[in-house]
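Working notes, beginning with the structure itself.
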Amino acid sequence: MNQLQSLRGMLDLLPEQTRRWQAVESVTRDHFHRAGLQEIRTPLLELTELFARGIGEATDVVGKEMYTFVDRGGRSCTLRPEGTASVVRAALQNGLLSQGPQRLWYSGPMFRYERPQAGRQRQFHQVGVEFLGVSSPRSDAEVIALAWALLADLGVQGLVLEINSLGTVEDRKNYRGELVKWLEARSEKLDDDSRKRLYTNPLRILDSKNPATKALLEDSPTLLETLSEESKARFTELQGDLKALHIPFHLNPHLVRGLDYYCHTAFEITSDQLGAQATVCGGGRYDGLVEQLGGPSTPAIGWALGMERLILVLEAAASADSSGQAARLTAATRPDLYLVNRGERAERAALVIAHQLRAAGLVVELDGSGAAFAKQFKRADRSRAPWALVIGDDEIEKGEGRLKRLKGAAPEADQTSIDQLQPLDDLIGLVRLLRD
RNA sequence: GCGAGCGUCGCCAAGUGGUUAAGGCAGCGGCUUGUGGUGCCGCCAUACGGGGGUUCGAAUCCCCUCGCUCGCCCCA
C-alpha cells in the first residue's frame, strides 16, 4: 500500500479520544487557576544548546533522543524534548524572575526519538508546573500537593507517590563515590547494563529493573544516609508537610531522576495500570538550572505529567467504575435532539429549525443524508439523543413535527409508542419541552 | 540502539499449499413493514502491508523490507 501514513510514534487524536483530552484539559486548567498559577506558552523549537546545557549533555535524552536539525540560517535547532528548560529560558529572557517568584504551568507536545511502546510515543504531551524563585520545603510540598489533588480531581485510582531526596551536588558527589566503591566490589553480580553505567551514571543503577541487581541493591548504602544534616532536615520538613496535607507517600531511596538538573526533592507518581512505563507524573527540585542557563542563582521546583499516560489510567478508572468521576469525564456527549428529515421541503425546513434550536442553546444533530427514515432512525438511536424530531413532507403539510422518544432516553423501555405532535412554528415550546 | 510477537475490506474477523478469499458491523442502493426505529434483497478485498524466492500451484513455506504491539534501554 502506498497510502501516506503519520510518522512512527506520532499519533492522531480522533474525535472520541480528543473528547477525553479536552475533559482532562479543562479540569487541569480550572485546577491551576484555583491554585493561582499562570499559564506560559513557549515555542516548540529551541536552540539545541538550551537543552544541551539545561538537561545535560551526558543524558540519554540529549545524547540520542532529540529531534535536531540545522535550519536554513545554519542554526542547530531542536524540537523540545521536555518543558522545563524552555520555561526557564523564557522566564530569563523576559525578565520574569526580577518580578518575584513565578508560579507557572504549561502544556503541549514534546518530542523524543524513542522506540514507541505502551504509554510512550515520539510526540507526547506533558502538562507541567514550575515554581521559580521559591526555596522553602513548603513549596516542594505545595507543588506535590498540586499534582496529587489534580489527579484526585480527575478520579484516577490506585496512584502511589514516591519521594526521595537527592541532596545537594556535594551530597551526591559523596554518595556517588561510596556507591561506586560498593558496587565495584560486587561488579560480578551486576547485569551488563548496570556494569556499563557504573562509570557513566552510577545513580541510575539504583532504579534498575533487573531482578538480580534489584536484590543486590537491597543492602547498598543509600543516598539518604549520606545526606548532610541540612539536606536531611529539609527532607524531614517536607515529609511533615505531606503528612499535614494527608497525602500518603512512600520513601524510595532508589528513586533518581534522569535529568541532570534535579537536586533535593525528587518524586514520582506511578500507576499499576500502565505496564512498563508506570510513571504518570515526575518531578523535583532543580535549584541549579536557572544559573546553568545563564541566570541568577534561583531555587526552583516543578513536575511534568504525561498526558498519554494520564489518559490511559483515566480510561482504566472509568471502566473499573462506570459511575465514578473518571467515567463522567470520559463520557460521550449526546445531542439533545436528533432531527430526522426527508423530502425536499422538509429538508429545508429541518435545516432552518436546526439552526434556530441551536441558537436557542440546544445541541441538535441534523441528519443530512436524505436517506430512508429507517436508516435515519438507526443513526438517531446511535447518537444517543433522547429525542428525535421527525419532519417529512406530511409533517410540513400539517405544520407539525413528530416528536419521538429514542432509545437514548431509556434503553430498557419500549419507546416506540411514545410519540407526539409538535407545532413547527412553536419552537420556544419545543425548547422548553426538551429542557426538562 | 537491542529483543519478542503480529500484519486478510473503514472496523472486528474466518481461512495454515489447491477451483470465484467466509461472516459480522459500518457504508451505499432498493423493497418491505397498515403503530416510519422491524424484516428482506443487492452492491462493497482479482485481493491477503510491500518486494523477491520456493512450488505445477501460496494469504498460507523461506528471505528482505516497511509498519504495528509489547519488553529492554530511557523517561512523563
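Any value given below was found using the heavy atoms of this structure, including those in side chains, with hydrogens, waters and symmetry copies removed.
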Taking B:rC48 as the reference, what is the distance to B:rC61 when you measure between their P atoms (whole Å, please)?
15 Å
Do A:Leu150 and A:Leu305 have side chains that approach each other closer than 4.5 Å (heavy atoms only, starting at C-beta)?
yes
When both hydrogen-bonding distances must be under 3.5 Å and the geometry is Watson-Crick or G-U wobble, what is B:rG29 paired with, if anything?
B:rC41
Under 30°, 30 to 60°, or over 60°: which ring-plane class applies to A:Trp303 and A:Phe32, parallel, tilted or perpendicular?
tilted
State which residues pass ring-ring contact (aromatic ring centres under 6.0 Å, His included) with A:Trp182; sequence neighbours excluded, sorted by chain then number.
none
Rounded distance in Å - CG (A:Leu305) to P (B:rC75)
18 Å
How long is the line joining CG of A:Asp207 and C1' of B:rC75, in whole Å?
10 Å
Could you work out which one of B:rG71, B:rA76, B:rC74 sits closest to the side chain of A:Ala304?
B:rA76
Please determine whether a side-chain nitrogen or oxygen atom of A:Arg405 lies at a distance below 4.0 Å from atom OP1 or OP2 of B:rG37.
no
Can you pull out every salt bridge (Lys or Arg N to Asp or Glu O under 4.0 Å) where at least one residue sits in residues 6-17 of chain A? Sequence neighbours excluded, please.
A:Glu16-A:Arg20
Please pick, from B:rG27, B:rC68, B:rA76, the nucleotide with the shortest atom-to-atom distance to any side-chain atom of A:Arg112.
B:rA76
Given atom CG of A:Asp60 and atom P of B:rC74, what is their separation to the nearest angstrom?
6 Å
Can you identify which nucleotide, out of B:rA76, B:rC73, B:rG37, has its nearest atom closest to the A:Tyr262 side chain?
B:rA76
Using the C1' atom in both, what is the distance from B:rC64 to B:rC28, to the nearest Å?
41 Å
Distance check needed: B:rG37 C1' versus A:Leu389 CG, whole Å only.
15 Å
Is there a donor and acceptor pair, one atom on the side chain of A:Arg204 and one on the base of B:rC75, closer than 3.5 Å?
no
With a 3.5 angstrom cut-off on both distances, give the Watson-Crick or G-U wobble partner of B:rC75, or none if there isn't one.
none
What I'd like to find out is whether the side chain of A:Val313 reaches to under 4.5 Å of the side chain of A:Leu274, using heavy atoms alone.
yes
When rounded to the nearest Å, what value does the distance between P atoms of B:rA59 and B:rG17 take?
13 Å
Per atom distances to the A:Gln126 side chain, the nearest of B:rG37, B:rC73, B:rA76 is B:rA76
Scan nucleotides 1-9 of chain B against the protein and return all N/O pairs shorter than 3.5 Å with their distances rounded to 0.1 Å.
unit_1, atom_1, unit_2, atom_2, d
B:rC2, N4, A:Arg115, NH1, 2.6

State whether A:Lys375 places a side-chain N or O below 4.0 Å from either non-bridging phosphate oxygen (OP1 or OP2) of B:rG37.
no
Identified side chain to side chain donor-acceptor pair (under 3.5 Å) partner of A:Arg103 from the options A:Glu142, A:Glu130, A:Gln38
A:Glu142
Just how far, in rounded Å, is C1' of B:rG67 from CG of A:Leu11?
13 Å
Contact under 4.0 Å: A:Gln117 side-chain N or O vs B:rC72 OP1/OP2:
yes
Taking only the side-chain heavy atoms of A:Glu65 (C-beta and beyond), determine which of B:rG67, B:rC74, B:rG71 contains the nearest atom.
B:rC74
Write down the distance separating the P atoms in B:rG24 and B:rU20, rounded off to the nearest Å.
22 Å
Can you tell me the distance, in whole Å, between the NZ atom of A:Lys378 and the C1' atom of B:rG29?
14 Å
Could you check A:Ser208 against A:Phe124 and say which one's nearest nucleotide on RNA chain B is further toward the 5' end?
A:Ser208
C1' gap between B:rC12 and B:rG50, integer Å
24 Å
Return the value, rounded to whole Å, for the distance between atom CG of A:Asp394 and atom P of B:rG34.
16 Å
Passes side chain to side chain contact (heavy atoms under 4.5 Å, CB included), A:Leu11 versus A:Gln17? Steps please.
CA-CA 11 Å; A:Leu11 264 41; A:Gln17 274 289 328; over 6 Å; no
Who does B:rG57 pair with, Watson-Crick or G-U, both distances under 3.5 Å?
none
With a 3.5 Å distance limit and no angle check, can you tell me whether A:Arg402 reaches the backbone of A:Leu421 through a side-chain donor-acceptor pair?
no
Watson-Crick or G-U wobble partner of B:rG23, both distances under 3.5 Å:
B:rC12
Length of the CG-P vector between A:Leu403 and B:rG37, whole Å:
17 Å
Counter-base of B:rA4, judged by Watson-Crick or G-U geometry with both distances under 3.5 Å:
B:rU69
Looking only at atom C1', what distance separates B:rA14 and B:rC73, rounded to whole Å?
39 Å
Which whole number of Å gives the distance between the P atom of B:rA45 and that of B:rG57?
27 Å
Quick one: look up who B:rG17 pairs with, Watson-Crick or G-U, both distances under 3.5 Å, and put none if it's unpaired.
none
NZ or CZ of A:Arg122 within 45° of A:Phe111 ring axis and under 6.0 Å:
no
Rounding to an integer number of angstrom, what distance separates B:rC9 and B:rC63 when you compare their P atoms?
24 Å
Whether A:Asp171 side chain and A:Thr168 backbone form a donor-acceptor pair below 3.5 Å:
yes
